[in-house]
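I have placed the structure first, in the form of structure tokens, so that the comments after it can refer back to it.
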2 protein chains.
Amino acid sequence: MNYCSACGASITKQIIPGDDVPRYFCGACETVHYQNPNVVVGCIPIHKDQILLCKRAIEPRLGFWTIPGGFMENGETTEEGAMREANEEANTNLEIIDLITVYSIKHIDQVHICYTAKLLDLDYSPGIESLEVKLFHPSEIPWKEIAFTSTSFALKAYIKNVENGESKVHRGSFDLEKWKNEREGF
Amino acid sequence: MNYCSACGASITKQIIPGDDVPRYFCGACETVHYQNPNVVVGCIPIHKDQILLCKRAIEPRLGFWTIPGGFMENGETTEEGAMREANEEANTNLEIIDLITVYSIKHIDQVHICYTAKLLDLDYSPGIESLEVKLFHPSEIPWKEIAFTSTSFALKAYIKNVENGESKVHRGSFDLEKWKNEREGF
């Protein structure tokens, strides 16, 4: 961020009186430009004992499988966003069942909120961002081809709930430093 | 938004190919400036059968009571944000117990995520944004002086959980149009 989006003047990053985090601040029009995490909303579409996954047609993680999801838009609820994304990526007709995961990813400033959803019919098909959409029994999930850690977390939460006969909401987070250390064998 | 924060050129709002929502777009450097909802994180600090509320020292809703909470910052998890806000507003020492509410407010593009938290000691005091911080038994909650609908929703969710001996997560949303119609007696 180099220029003020309100007046076009150059901006600086500084601590504003009363705050303790440096913010982008325009000295000309005195606007503070806050930067905050984004919400990613998604759902696990369910049909009987199967779940619908989408094979990604776009980067990041092109060719990997995921649950439908994406950035929440202004003017919608989290549930509406999750349904919109499923419609965009898999042309689904579904209804939200319940919340299942809230998952923070600190190093990219994201919160992933995931729901379970009931497929109301089997008239789904790949949207423009998907190469393929397909129902999987939990035992068939291609774990090594899952696109994102938040997706694996949500799928495992769902399987655990099914096994335990629960509808528990699971909390989680991804810690990049911890992941790097584990990968390097420290 | 009038100017590109990357290069300072004038920007327009237009539908970008492959998208279906108008975005702020810079024709000079081709940056798309997305605008997305913000996350507000908070918690209900609990001591035995009492909960800690803060009387607001700032607008909006100065003088009204709320649970500690505020905008989630980049580089933190939702739980860390909820604890940070409680520390800022009530100088608490607490630990997160569990998620209790996820509440969307469409007309201001916010998602409020609230946790229950255990007060580890009674060494709390008003932070700079609070006039007073005080423990309330659920029967003593000043419902007509609660600052925000998301706070009322979280407090009612907590009371319901206590009454039912559950630790359920409650979903909700505030619909401004519905609220206006109900208020006007339609």
Side-chain angles (χ1 to χ4, degrees), chain A residues 1-11 18 20-21 23-24 26 29 33-41 58 71-81 84 88 96 98-113 115 128-129 167-175, chain B residues 1-11 18 20-21 23-24 26 29 33-41 58 71-81 84 88 96 98-113 115 128-129 167-175:
Chain A
M1 195 177 279
N2 306 307
Y3 299 92
C4 176
S5 58
C7 79
S10 290
I11 55 172
D20 55 1
V21 177
R23 311 285 182 188
Y24 288 107
C26 176
C29 73
H33 298 281
Y34 292 95
Q35 293 188 308
N36 298 90
N38 280 316
V39 180
V40 170
V41 282
I58 53 169
F71 287 108
M72 183 181 177
E73 297 278 4
N74 282 349
E76 66 185 8
T77 65
T78 47
E79 289 90 342
E80 287 167 352
R84 176 184 50 71
E88 286 175 13
I96 296 294
D98 212 345
L99 182 66
I100 186 157
T101 55
V102 175
Y103 186 89
S104 301
I105 310 179
K106 286 159 72 154
H107 72 286
I108 51 171
D109 306 314
Q110 290 183 1
V111 179
H112 290 213
I113 299 178
Y115 295 87
I128 198 163
E129 296 180 4
S167 55
K168 200 178 155 189
V169 180
H170 299 248
R171 304 188 282 124
S173 61
F174 180 77
D175 186 324
Chain B
M1 196 177 279
N2 306 306
Y3 299 92
C4 175
S5 57
C7 79
S10 289
I11 55 172
D20 55 2
V21 177
R23 311 284 182 188
Y24 288 107
C26 176
C29 73
H33 298 279
Y34 292 95
Q35 293 187 308
N36 298 89
N38 279 317
V39 180
V40 170
V41 282
I58 53 168
F71 287 110
M72 184 181 176
E73 297 279 4
N74 282 349
E76 66 186 8
T77 65
T78 48
E79 290 89 342
E80 287 167 352
R84 176 184 50 71
E88 286 175 13
I96 296 294
D98 213 345
L99 182 65
I100 185 158
T101 55
V102 175
Y103 186 90
S104 301
I105 309 179
K106 286 159 70 155
H107 72 285
I108 50 171
D109 306 315
Q110 291 182 1
V111 179
H112 289 213
I113 299 178
Y115 294 87
I128 198 163
E129 295 180 6
S167 54
K168 201 179 155 190
V169 180
H170 299 248
R171 304 189 283 123
S173 62
F174 180 77
D175 186 324

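Here is the naming used below: chain letters follow the sequence lines, and residue numbers restart at 1 for every chain. Only this structure's heavy atoms are used, side chains among them; waters, hydrogens and symmetry mates stay out.
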Discussion item. Counting C-beta onward and ignoring hydrogens, is there a side-chain heavy-atom pair between A/Y103 and A/H170 closer than 4.5 Å?
Written reply: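 Heavy-atom side-chain distance check fails, nothing below 4.5 Å.
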
Worksheet item: Would a 4.5 Å heavy-atom cut-off, applied to side chains only, mark A/I96 and B/R171 as touching?
Response: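 Result yes, sub-4.5 Å side-chain heavy-atom pair found.
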
Worksheet item: Which one of A/D20, A/V39, A/V102 has the most heavy-atom pairs closer than 4.5 Å to chain B?
Response: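 Ranked by heavy-atom pairs under 4.5 Å with chain B, first place is A/V102.
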
Practice prompt. Please look at A/S5 and chain B and tell me whether the side chain, the backbone, both or neither of the residue comes under 4.5 angstrom of a heavy atom of that chain.
Written response: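 Its backbone and side chain both get close to chain B.
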
Discussion item. Please classify the contact of A/S173 with chain B as side chain, backbone, both or neither, using a heavy-atom distance under 4.5 Å.
Written reply: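 When you check distances to chain B, only side chain atoms of A/S173 fall under 4.5 Å.
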
Which of [options] touches chain A most, by non-hydrogen pairs under 4.5 Å:
| options | answer |
| --- | --- |
| B/I105, B/V111, B/D175, B/D109 | B/D109 |
| B/N36, B/I11, B/D98, B/I128 | B/N36 |
| B/C4, B/C7, B/A9 | B/C7 |

Worksheet entry | Residue B/E129 versus chain A: region with a heavy atom under 4.5 Å |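 For B/E129, no heavy atom lies under 4.5 Å from chain A.
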
Item to complete: Answer with side chain, backbone, both or neither: which region of B/I108 has an atom nearer than 4.5 Å to a non-hydrogen atom of chain A?
Response: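 For B/I108, no heavy atom lies under 4.5 Å from chain A.
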
Practice prompt. State, without any angle test, whether A/Y115 and A/T101 hold a side-chain donor-acceptor pair at a distance under 3.5 Å.
Written response: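 No, no side-chain donor-acceptor pair sits under 3.5 Å.
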
Worksheet item: Does one side chain, of A/Q110 or A/H112, offer a donor that lies under 3.5 Å from an acceptor on the other?
Response: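 There is such a pair between these side chains.
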
Worksheet entry | Salt bridge flag under 4.0 Å for residues A/E80 and A/R84 |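 Result for this pair is no, no salt bridge flagged.
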
Worksheet entry | Check ion pair B/K106-A/E76 (N to O, under 4.0 angstrom) |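 Looking at A/E76 together with B/K106, the answer is no, because their closest N to O distance does not fall below 4.0 Å.
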
